[in-house]
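Okay, so here's the structure we're looking at.
Note on naming: letters A, B, ... go to the chains in the order of the sequence lines (proteins, then strands), and numbering restarts at 1 for each one. Below, all heavy atoms of this structure are taken into account, side chains as well, without hydrogens, waters or symmetry copies.
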Protein chains: 2
Amino acid sequence: MTDADKRDRIIAAAYDVLSEKGYDKASTKEIANTAGVAQGLINYYFPSKDLLFAEVFRRETEKYCKSFDGLIVVDGKPLNIESISGLLEIPKSKALEEPEWFRLRYELFAIGLRNDAARETLKEMLDTKRKHISSSLQSITGLPPEQSDTFASVLYAIIEGLGLQKVADPTFRYDDAYGMLAEMLGAYYEQLIKKREL
Amino acid sequence: MTDADKRDRIIAAAYDVLSEKGYDKASTKEIANTAGVAQGLINYYFPSKDLLFAEVFRRETEKYCKSFDGLIVVDGKPLNIESISGLLEIPKSKALEEPEWFRLRYELFAIGLRNDAARETLKEMLDTKRKHISSSLQSITGLPPEQSDTFASVLYAIIEGLGLQKVADPTFRYDDAYGMLAEMLGAYYEQLIKKREL
DNA sequence: GTCTATAACAGGATAGAC
DNA sequence: GTCTATCCTGTTATAGAC
């Protein structure tokens, strides 16, 4: 963090403190310290703590979607266990490499489930992500949009749920779970193909 | 809530307030009001707020495991889309019928990911649940323990992840997602059977 | 735009009476 | 066991100087 706009520094600091301490314990004081600005400045840019965090979550969603953009399969290659495992590598590695990022999401999940304003933010976040994953899936599998949307929601659930188990417990057999997931997706995909051919 | 032991009343009230307000906003004052006892009494039974909530989470895990105990398939009936859908009905309905219960879990997920003491509680909770689901799966599918454990972790991830999407957004196509999940599991199970027969 | 200082309040935990 | 009263700390948001 160099000396970018102080507003940006505040958002970046909020991201860090929020993922480490959680919504309530993430005090504006600590955010200001981390950002290297006066506490009062936060309220100059953001009328309230809530609005600051809304901005943090907005950026998180953007980043999340971008992380899926590498998901493209070379044309002609069929989908099998190996290629599916390769595709899953990207979301899988995120929980290991950026656990703070991961924690941040669960923070929003928890808040969103109990606070009406945050629920709206959460709803949008989930919708944006689902749609993004869905469009990747369409280009990979050639499935129709509706089916892809549903598929995306299941996939998203698994990714977040397995990451949770891994971040909460380093001894969790994350690889095994992803291995089984790949097999499951492979079996399902094969079945879809067969049905389409009939 | 009649006039059971005041200690029990405190725990029950903590459950309610915690799932509604979240960890930090769930004040001992409000818990005391809800339970109809003096605030000081909470500290008589529980040296700290953390220990009170640890007890709440312990009970949640117990309840969760019990909720899976109805999951038994009539012997001889094969696993197909219909019977799998039937089995999934139980976890599926929980998010709709008891959203507070659901929120409570996400509360622990968020706290557990950032607090060392709570992480231990979370780890145990996840482990207990996985093992419980796994043993149900073993008796239903006849899969070996290790495979069932892995299966349980994937299944648990999906259940919580889909529930999140539904509770966060009532317009979410929850039925479609569970429908696809049943198909996925069916396809995977068929594949397992075939492999076993070779 | 940025800072310092402070107002206004709420939290958990404790002391001590009954 | 249970209550009331209080202490101490930490919080957000604002006021006002620079």
Side-chain angles (χ1 to χ4, degrees), chain A residues 1-57 104 107-108 110-112 114-118 121, chain B residues 1-58 103-104 107-108 110-112 114-118 121:
Chain A
M1 200 157 30
T2 57
D3 59 15
D5 230 13
K6 294 208 170 183
R7 188 172 181 280
D8 269 351
R9 299 244 306 270
I10 290 169
I11 298 169
Y15 177 107
D16 291 344
V17 179
L18 184 53
S19 60
E20 195 189 337
K21 299 288 175 74
Y23 195 87
D24 296 276
K25 290 267 169 59
S27 69
T28 51
K29 234 171 220 157
E30 187 172 351
I31 294 170
N33 283 346
T34 305
V37 302
Q39 191 217 346
L41 193 63
I42 293 180
N43 282 93
Y44 172 76
Y45 283 115
F46 302 93
S48 77
K49 194 178 154 177
D50 283 9
L51 290 171
L52 166 57
F53 287 148
E55 176 63 20
V56 171
F57 288 125
L104 189 72
E107 201 56 42
L108 180 58
I111 310 162
R114 63 178 134 83
N115 172 298
D116 284 341
T121 305
Chain B
M1 199 158 31
T2 57
D3 59 17
D5 229 13
K6 295 210 170 183
R7 187 171 183 282
D8 268 351
R9 299 247 304 272
I10 290 169
I11 297 169
Y15 177 107
D16 291 344
V17 179
L18 183 54
S19 60
E20 195 189 336
K21 300 286 175 74
Y23 195 87
D24 295 275
K25 291 264 168 62
S27 69
T28 51
K29 257 171 199 145
E30 186 172 352
I31 293 171
N33 283 347
T34 306
V37 303
Q39 190 216 350
L41 193 62
I42 293 180
N43 283 93
Y44 172 77
Y45 284 116
F46 303 94
S48 77
K49 193 178 155 178
D50 284 9
L51 289 171
L52 166 58
F53 287 148
E55 176 64 19
V56 171
F57 288 125
R58 232 211 62 243
R103 284 200 297 269
L104 190 72
E107 202 55 43
L108 180 57
I111 309 162
R114 64 177 133 84
N115 172 298
D116 285 340
T121 305

Starting at atom [atom1] of [X], determine the distance to atom [atom2] of [N], rounded to an integer number of angstrom.
X        : N       : atom1 : atom2 : answer
Phe46(A) : dT12(D) : CZ    : P     : 15 Å
Glu30(B) : dG11(C) : CD    : P     : 9 Å
Ile42(A) : dT14(D) : CD1   : C1'   : 14 Å
Leu52(B) : dG11(C) : CG    : P     : 16 Å
Phe53(A) : dT11(D) : CZ    : C1'   : 13 Å
Lys49(B) : dA13(C) : NZ    : P     : 8 Å

Closest-nucleotide 5' rank along DNA chain D - winner of Lys25(A) and Asn43(A) | Lys25(A)
Test side-chain contact (heavy atoms from CB on, under 4.5 Å) applied to Ala14(A) - qualifying residues, sequence neighbours left out | Ile31(A), Leu52(A), Phe53(A), Val56(A)
Sequence neighbours left out, what passes side-chain contact (heavy atoms from CB on, under 4.5 Å) with Asp24(B)? Give chain and number order.
-> Asp24(A), Lys25(A)
Sugar-phosphate only, base, or nothing, as touched by Ala26(A) at under 4.0 Å among non-hydrogen atoms | sugar-phosphate
For Arg103(B), the salt bridge (charged side-chain N to carboxylate O under 4.0 Å, His left out) test, sequence neighbours excluded, returns none
Taking only residues two or more places apart in sequence or in another chain, which ones pass side-chain hydrogen bond (donor to acceptor under 3.5 Å, both in side chains) with Asp50(B)?
-> Tyr23(B)
Pair listing, side-chain hydrogen bond (donor to acceptor under 3.5 Å, both in side chains) test, anchored in residues 35-49 of chain B, at least two apart | Thr28(B)-Gln39(B)
Where protein sits on nucleotides 1-7 of chain D, one letter per nucleotide: B base, S sugar-phosphate only, - none, heavy atoms under 4.0 Å | BBBB---
Answer whether the closest heavy-atom distance between the side chains of Leu18(A) and Phe57(A) falls below 4.5 Å.
-> yes
